[in-house]
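Here the structure comes first, spelled out in structure tokens, and everything after it is commentary.
First listed ligand is number 1; within each ligand, the first listed atom is number 1. Numbering starts at 1 and runs along the sequence shown.
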Amino acid sequence: MKHKKRSNFSNKLGFVLAAAGSAVGLGNLWRFPYLAAKYGGGIFLLVYLILAVTFGFTIMIGEIAIGRKTGLSAIGAFEKLDKKYTFIGYLASIVPIIILPYYSVIGGWVIKYFVDFISGNSVKAAKDGHFEAFISNPTQPIICFFIFILITAIIVFLGVEKGVEKVSKILMPVLAILTVGIAIYTATLPGSIDGLLYYVKPNFNHFSIKTVVAAMGQLFYSMSLAMGIMITYGSYMKKDVKIESSVTQIEIFDTCIAFFAGMMIVPAVFVFNNGDSSAINAGPGLMFITLPKVFNSMNLGSVIGLLFFILVLFAALTSSISLMETIVSIIHDKLHIGRKKATLIIAIFTCIVALPSSLGFGIWSGITPLGMSFLDFFDFISNSILMPIVAMLTCFFIGFVIKTDAIAEEVKLNSSFKREKLFVIMTKYIAPVLLLIILVSSILNALGIVKI
Ligand code: PHE
């Protein structure tokens with residue numbers, strides 16, 4: 001059989017920005033700030049940081065190295081390394097297939113707010129009931145997610161270098177500038193210093209084992225681990241790019257954006273509510289209900305709000321691109337369907353599967369699997385069940401089947417492996433235990449036995 005040459009990222013910067021594009025998403029901009037505010041401020045930040053350089057580092061190195069070593073996406077990669085364990089590749093591949101549709105529904109909501117702000121409707125967007133009326137509308141959210149999926153598909157259609165890499169190289173720097181810029185602006189609001197202190201000062205009253213579990217779960221999601229993405233992106237990485245330093249850069253980028261997102265959101269919400277912190281814990285409502293009100297109360301609110309939603313849109317898009325790219329690459333590797341055809345099939349499939357997640361807030365709100373909305377249900381299955389399982393299996397596979405040396409060898413192709421010892425101990429012993437804790441606690445949490 002004739003094999004076409006595999007697509008590649010053109011260089012290290014292209015790889016790092018594309019991977020960071022996947023990692024930086026709604027998780028950084030919306031979930032991280034409220035988790036940090038809820039679980040003890042500075043102490044949460046510290047725990048998160050420690051986990052990022054140990055746990056996150058280990059899993060990301062493992063996945064990227066598997067991808068680059070085999071030059072294949074998840075299913076093919078596990079198959080090539082040991083046929084008996086191909087099922088891990090299948091399990092990993094299910095995750096982006098589940099996530100992409102509902103992620104696109106949320107991406108569609110972001111498009112709606114972007115349109116509201118750009119068309120001068122920022123006051124309307126801040127009205128009570130605006131968000132609820134929109135998500136329960138039978139057609140509007142569908143049009144919005146359709147547009148979001150279309151944009152994602154066009155970029156994936158263009159290919160790795162001309163689509164994914166090029167878009168990441170433009171969007172990621174803009175995203176970084178916007179995040180820091182808005183954070184600086186909110187720091188100048190009168191009274192914001194108290195909010196800032198609330199965000200960064202360790203609050204030991206809010207610290208418990210839950211802080212660690214929440215930080216771990218967040219880290220895992222935020223770095224786009226255990227869903228084949230980093231394996232796929234690793235398979236597009238040239239052999240002369242250094243894996244360890246790339247991972248360090250991706251982690252720094254991802255963590256800094258999350259930190260600055262907190263700096264722009266927590267103090268602003270704090271000022272708006274006259275120092276009452278409870279609004280920050282508003283969960284999903286924070287971004288679409290509370291923040292538009294906060295913007296509406298600011299002097300330059302309509303401009304800042306517009307910039308904010310552009311930022312969120314970019315972050316969501318680079319993440320959805322990585323999800324779609326991963327699925328396309330799996331189909332391409334496994335079924336030998338061309339990129340363009342595969343992209344079209346996946347886009348149509350995603351639109352269909354996104355329907356229940358969208359309608360679950362409107363005409364289908366009566367159907368609640370496990371007592372959750374469709375969107376929450378899909379989120380639960382992928383993030384709380386499948387991802388920890390895939391990550392545990394991946395650690396086991398690396399630690400005891402192909403052995404950590406196989407990964408170290410790939411990392412050391414062109415540089416030293418400075419944190420090799422840490423990598424080995426984490427993969428074999430510590431990460432699996434941490435992952436088991438995430439899995440058990442999120443199941444207990446979903447069943448309502450423990451509240452995290
Ligand atoms: N890492 C992304 C974030 O922080 C979320 C994501 C998950 C993106 C899965 C792609 C795939 O929001």
Side-chain angles (χ1 to χ4, degrees), residues 16-36 48 51-52 56 59-60 63-64 73-74 92-107 109-110 148-149 152 155-156 164 167-168 171-172 175-176 179 214-233 247 250-262 265 283-284 286-287 311-330 346 350 354 357 375 378-388 390-391 438:
V16 169
L17 288 181
S22 172
V24 174
L26 298 167
N28 302 59
L29 299 177
W30 148 73
R31 201 153 171 265
F32 183 89
Y34 89 75
L35 286 180
Y48 185 88
L51 287 170
I59 301 187
M60 195 180 277
E63 292 196 6
I64 293 177
S73 52
S93 308
I94 300 173
V95 183
I97 295 176
I98 298 179
I99 295 185
L100 180 60
Y102 80 76
Y103 203 82
S104 303
V105 171
I106 305 176
W109 298 349
V110 179
F148 186 83
I149 293 171
T152 307
I155 298 162
V156 173
V164 181
V167 167
S168 307
L171 296 193
M172 295 316 286
L175 188 146
T179 315
M216 216 150 53
Q218 169 63 15
L219 175 81
F220 200 50
Y221 180 75
S222 185
M223 304 221 163
S224 304
L225 300 173
M227 55 185 107
I229 291 183
M230 292 301 161
I231 298 183
T232 299
Y233 276 20
V247 169
I250 298 165
E251 287 195 317
I252 292 176
F253 202 106
D254 188 64
T255 307
C256 285
I257 295 286
F259 177 72
F260 279 107
I265 291 175
L286 175 68
M287 177 136 45
L311 159 71
V312 181
L313 184 59
F314 285 180
L317 270 175
T318 47
S319 293
S320 65
I321 291 168
S322 73
L323 287 164
M324 194 180 277
E325 176 61 42
T326 299
I327 310 173
V328 165
S329 125
I330 286 165
I346 295 305
T350 304
S357 291
L375 195 152
F378 287 131
D379 181 70
F380 171 69
I381 297 292
S382 53
N383 294 333
S384 307
I385 309 283
L386 282 172
M387 283 165 64
V390 170
I438 302 184

Applying side-chain hydrogen bond (donor to acceptor under 3.5 Å, both in side chains), name anything that partners Gln218, two or more places apart in sequence or on another chain.
Arg31

Below 3.5 Å only, please: the N or O atoms of ligand 1 paired with protein N or O atoms, distance on each line.
| from | atom 1 | to | atom 2 | distance (Å) |
| --- | --- | --- | --- | --- |
| ligand 1 | 1 (N) | Ser22 | O | 3.3 |
| ligand 1 | 1 (N) | Ala23 | O | 2.9 |
| ligand 1 | 1 (N) | Tyr221 | O | 3.0 |
| ligand 1 | 1 (N) | Ser222 | O | 3.0 |
| ligand 1 | 1 (N) | Ser224 | OG | 3.1 |
| ligand 1 | 4 (O) | Ala23 | O | 2.9 |
| ligand 1 | 4 (O) | Asn28 | OD1 | 3.0 |
| ligand 1 | 12 (O) | Leu26 | N | 3.0 |
| ligand 1 | 12 (O) | Gly27 | N | 2.6 |
| ligand 1 | 12 (O) | Tyr103 | OH | 3.4 |

Looking at Ser357 and Tyr102, would you say the former's side chain and the latter's main chain have a donor-acceptor pair under 3.5 Å?
no

Please find the pair of heavy atoms, one from Pro388 and one from Asn383, that lie closest to each other, and give the distance.
CD-O, 3.2 Å

Sequence neighbours excluded, which residues qualify as side chain to side chain contact (heavy atoms under 4.5 Å, CB included) partners of Ala92?
Ala74, Val390

Ser222 and Asp254: side chain to side chain contact (heavy atoms under 4.5 Å, CB included), yes or no, with the steps?
CA-CA 8 Å; Ser222 185; Asp254 188 64; 2.8 Å; yes

List in chain and number order the residues that pass salt bridge (Lys or Arg N to Asp or Glu O under 4.0 Å) with Glu325, two or more places apart in sequence or in another chain; answer none if no residue qualifies.
Arg339

